[in-house]
Amino acid sequence: MSACVPTRTSDSPHTERVHPPHSPPRAPHRRFRVAGADVSASIAVFLIALPLSLGIALATGAPLQAGLVAAAVGGLVAGRLGGSPLQVSGPAAGLTVVTADLIHRYGWRTTCAITVLAGLVQLGLGCLRVARSALAVSPAIVHGMLAGIGVTIAVAQMHIVLGGSPQSAVLDNLRSLPAQLADLHPAAVAVSALTLILLLLWPRLPGRTGRLLRRVPAALVAVTGATATAVFAGLTQPRVELPSWSSHALAGLPEGPVLGLVAAVLTVTLVCSVQSLLGAVAVDKLIAARPGLTAQVSRSDLDRELLGQGATNVVSGALGGLPVAGVAVRSAANVQAGAVSRNSTMLHGVLVVVAALLMVPVLELIPLASLAALVMAVGIQMVSLHHIRTVTRHREVPVYAITTLGVVFLGVLEGVTLGIAVAVAVSMHRLARTRITHDEKEGVHHVHVRGQLTFLAVPRLSRALHHVPHGSCVVVELDGSFMDHAAYETLQDWQRTHTAQGGSVELTGRRAATGTDADADAGIGSGSGSGSEGVVPASSTVQPVNGTADSPLAGCRCRPWTPWRNHQCDAPPPEAPHGGPAAEHRAEPPNDPSDAEPDGRTSAVLPQVAESAVASGPARSAAASAPEPTEPSERVRQTDATGPGERTESIGAASAAAATGSGPSGRQLVRGISAFQRNTAPLVRGELARLAREGQQPSQLFLTCADSRLVTSMITSSGPGDLFVVRNVGNLVPPPGEESGDDSVAAAIEYAVDVLKVRSITVCGHSGCGAMQALFDAEPGGVQTPLKRWLRHGLSSLERMADPGRPWARLAGRAAADAVEQLCLTNVVEQLDHLRAYASVSRALRAGELELHGMFFHVGEAQAYLLSEAGEGRGEVFDHVGVADLSA
């Protein structure tokens, strides 16, 4: 039927709805639908939230119903209004110490009023859009705060586990612990021990049956098992008591000293806000690790999340509930259970309401010792060994330790304040601490600067440079990531003077040399952390030199490892006189930094890539950390700073090549080479010189496809000397000893294993592989072209995929998109088998000197997958590699 023919005739019995002219049509009525994944996820979260909410209420000394109120309000209000769709809010263990202290000082009704006021403050902060400022708090402070709260919770709940009652302060609990150990209550200890044993063993159940049973949350199993044992054994001990909802205490007017109430409101606001915002960021990382979910769930809006948390605390406090924040355990369970929208969070709140109204007789069977053991385990888990290793690696142990001790012995607000003060002191110490040494080796003077080069270090730098004799050869090693303007000018002036007196200067290290003409003549790179003129960063925009608009570099704005547009930067057609037609067809150069979104999401790619580059080597650190100029005048100064000698050689050659009439491809080649010589070569020259002297020592043999979309150095964050790369059509490894085999691949494998002594070999396939498509579509017989003769080495992959006795290789979380993608995955596994057949590889594997890795790179998703070792024998599984894996 033609699109122009109406689907209804004029005499249709249906009445046509007509909206007024010049007004938009009415939006169609949408039925409320809930995905099945959200229903199952909400049940999983509910089963975790129910016992934890009761346990946290018990730990704070609040009415147990307050935990249920907070869980229900957190699910319904924060789930509907919050900015993180999959984050689950409720009573959090991180608020236990704060709430318990408030209840002890001011009573329950005033504590509810403080919760309301804290929610109003959160609403105000959300309106001011300051949510991202909370992320400026050092992670060491946040982890230290949580660790201190965890210690406080564990020590307090230990008394209930042993059958006693906790004190109000940590020191009091520690002092009375020996007496409590001497007066044990066997029933409470037995119930607590059973709860802890189930919590520990349930996630470790082996086999297929264990995998099915582990879907039930361990917290629910532990509390249910302990409750059932206590009921059937007839143990007499304190149990949950839920008073009638008619006598439930609501918020009252705050009573107490004004300064104390203000401090309490600020403390609740700080802890709730920071924990919720950090939790939203963590949930975003979990969502990014699930393939396909990123397109369905938007990134967290932190300002909206703060507004949602504020509204939730206002409602929860008014209804007599505990303070609410985003909870990491429940949020992670929500994502892992397959939730796809905020409906799962809201449904979990509905289930809590139903349980609070209809399951009171069942809840009152739960022993208090079981809930105390559950909360004690949560508190112990808050002291994370992973966090301790992280802060140790970043040399922030003092910040973590002081914050933890401050929270334990002084309080949350006091501990966080101490942590911030220590963090600032540590940062100032690192900024001011600079070691400058001077020594002479074989007639060459070495001045080594370790640390940040600021104005505080200028006197010592000048003193060290003053001891360098005139006319001598000097190497200045800058081992730091920051140089301010005073240090930059001091170093630049001395370098210019020393060069004029007949000496030579070479600047190396993480920061390259200052950009003077003398430096350019000497072949010295440039780069500084100050962004002063004369600095040529690796990502600087190349502008026409001395007005030469015909230079191939003119108008090129492509930068390495930025949002890429296939380097379509060919020079626009020459402009016709008086604004002729040629001017109308001038194309805008792509990838302009000014096109970045207002929230900075596009520009955020650069720090991420710089962070990866820093981990790859000193030369790449300089390239990644160099600042990007913003002003056109600064760009011109940076271009001129290279020096006339180098500019004549590289740019002049490029202009000559362009003048010979080369096509677009030739101009692109010359432009790329010129950009490398100008921007990148000065930064990597020292590293390449070292590799030239010492020879290559790669740690990996990387065998991948010749596809132009696979940039091995980019997807592995590697650089010169890191990878020994072999590329061919289809990333094939011909079996050894095969007649008419390809010796080039075999020779590369033998050389890499026996001579270079690589420690790993990676076979990397990719999505949309043209070789696998040709192999899949090939028909037997016909003319044997070179391509067909080469692809015969992949026939075994086809046979492997067609073998019903072998399980298919698959991607974690989803099936292959089509048969060709399935062949790409199978081919990686098959080529690994071919590799094991090589004598050199087999020998190194037996000696434990070599590892084999399978890798699959999805081009469209920019997502890497690694073959999991656990999948062998049960079907090979390629697990995705995400941001969370970088911490390992």
Task: Pair S84-E305, side-chain donor/acceptor within less than 3.5 Å - done: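 E305 and S84 do not have a side-chain donor-acceptor pair below 3.5 Å.
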Sidechain-backbone polar pair: [X] side chain, [Y] backbone, donor-acceptor under 3.5 Å:
{"X": "S370", "Y": "S192", "value": "no"}
{"X": "D879", "Y": "L866", "value": "no"}
{"X": "H159", "Y": "A156", "value": "no"}
{"X": "W202", "Y": "L213", "value": "yes"}
{"X": "T403", "Y": "V416", "value": "no"}
{"X": "T110", "Y": "P254", "value": "no"}
{"X": "T404", "Y": "G144", "value": "yes"}
{"X": "D38", "Y": "V340", "value": "yes"}
{"X": "S344", "Y": "S341", "value": "yes"}
{"X": "T60", "Y": "A57", "value": "yes"}

For residues [X] and [Y], determine if any side-chain heavy atom of one lies less than 4.5 Å from a side-chain heavy atom of the other.
{"X": "I388", "Y": "L385", "result": "yes"}
{"X": "T229", "Y": "V191", "result": "no"}
{"X": "L50", "Y": "L220", "result": "no"}
{"X": "T269", "Y": "L125", "result": "yes"}
{"X": "M158", "Y": "N173", "result": "no"}
{"X": "L319", "Y": "V73", "result": "yes"}
{"X": "V350", "Y": "L76", "result": "yes"}
{"X": "L347", "Y": "V39", "result": "yes"}

Heavy atoms only: give me the nearest [X]-[Y] pair and the separation to one decimal.
{"X": "L371", "Y": "G55", "result": "CB-CA, 4.1 Å"}
{"X": "P91", "Y": "S53", "result": "CG-OG, 3.7 Å"}
{"X": "V88", "Y": "H348", "result": "CG1-CE1, 3.6 Å"}
{"X": "V375", "Y": "A59", "result": "CG1-CB, 4.1 Å"}
{"X": "P367", "Y": "T227", "result": "CD-OG1, 3.4 Å"}
{"X": "A318", "Y": "V116", "result": "N-CG2, 3.4 Å"}

Answer yes or no: are there more than 12 heavy-atom neighbours, outside [X] itself, under 6.0 Å from its atom [atom1]?
{"X": "R239", "atom1": "CZ", "value": "yes"}
{"X": "R214", "atom1": "CZ", "value": "yes"}
{"X": "R304", "atom1": "CZ", "value": "yes"}

[atom1] of [X] to [atom2] of [Y]: how many Å apart, nearest 0.5 Å?
{"X": "D303", "Y": "C127", "atom1": "CG", "atom2": "SG", "result": "9.5 Å"}
{"X": "N343", "Y": "L86", "atom1": "CG", "atom2": "CG", "result": "10.5 Å"}
{"X": "L368", "Y": "Q237", "atom1": "CG", "atom2": "CD", "result": "8.0 Å"}
{"X": "S273", "Y": "L306", "atom1": "OG", "atom2": "CG", "result": "5.0 Å"}
{"X": "I149", "Y": "Q275", "atom1": "CD1", "atom2": "CD", "result": "7.0 Å"}
{"X": "F46", "Y": "N334", "atom1": "CZ", "atom2": "CG", "result": "14.5 Å"}

Task: Residue among I114, V268, T312 satisfying side-chain contact (heavy atoms from CB on, under 4.5 Å) with P323 - done: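 For P323, the side-chain contact (heavy atoms from CB on, under 4.5 Å) check succeeds only for V268.
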Task: side-chain contact (heavy atoms from CB on, under 4.5 Å) partner of V155, the single match among V151, I153, T152 - done: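 Single pass found, and it is V151.
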Open item on the list: Under the criterion side-chain contact (heavy atoms from CB on, under 4.5 Å), I'd like the reasoning laid out for V121 against L117: C-alpha separation, chi angles, the key distance, then a yes or no.
Closed with: CA-CA 6 Å; V121 175; L117 294 175; 5.6 Å; no
Task: Derivation of the side-chain contact (heavy atoms from CB on, under 4.5 Å) call for V223 and I366 - done: CA-CA 7 Å; V223 174; I366 301 176; 3.7 Å; yes
TODO: Look at the aromatic rings of Y865 and F856 and report parallel, tilted or perpendicular, splitting at 30° and 60°.
DONE: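 It falls in the tilted class, 30° to 60°.
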Open item on the list: Applying side-chain contact (heavy atoms from CB on, under 4.5 Å) to L196 and M376, what does each step give before you reach the verdict?
Closed with: CA-CA 9 Å; L196 293 175; M376 185 182 70; 3.8 Å; yes
TODO: Could you check S89 against Q309 for side chain to side chain donor-acceptor pair (under 3.5 Å), going step by step and ending with a plain yes or no?
DONE: CA-CA 8 Å; S89 299; Q309 294 293 334; 2.8 Å; yes
TODO: Let me see the working for L120 and V314 under side-chain contact (heavy atoms from CB on, under 4.5 Å), right down to the final yes or no.
DONE: CA-CA 7 Å; L120 294 175; V314 170; 3.9 Å; yes
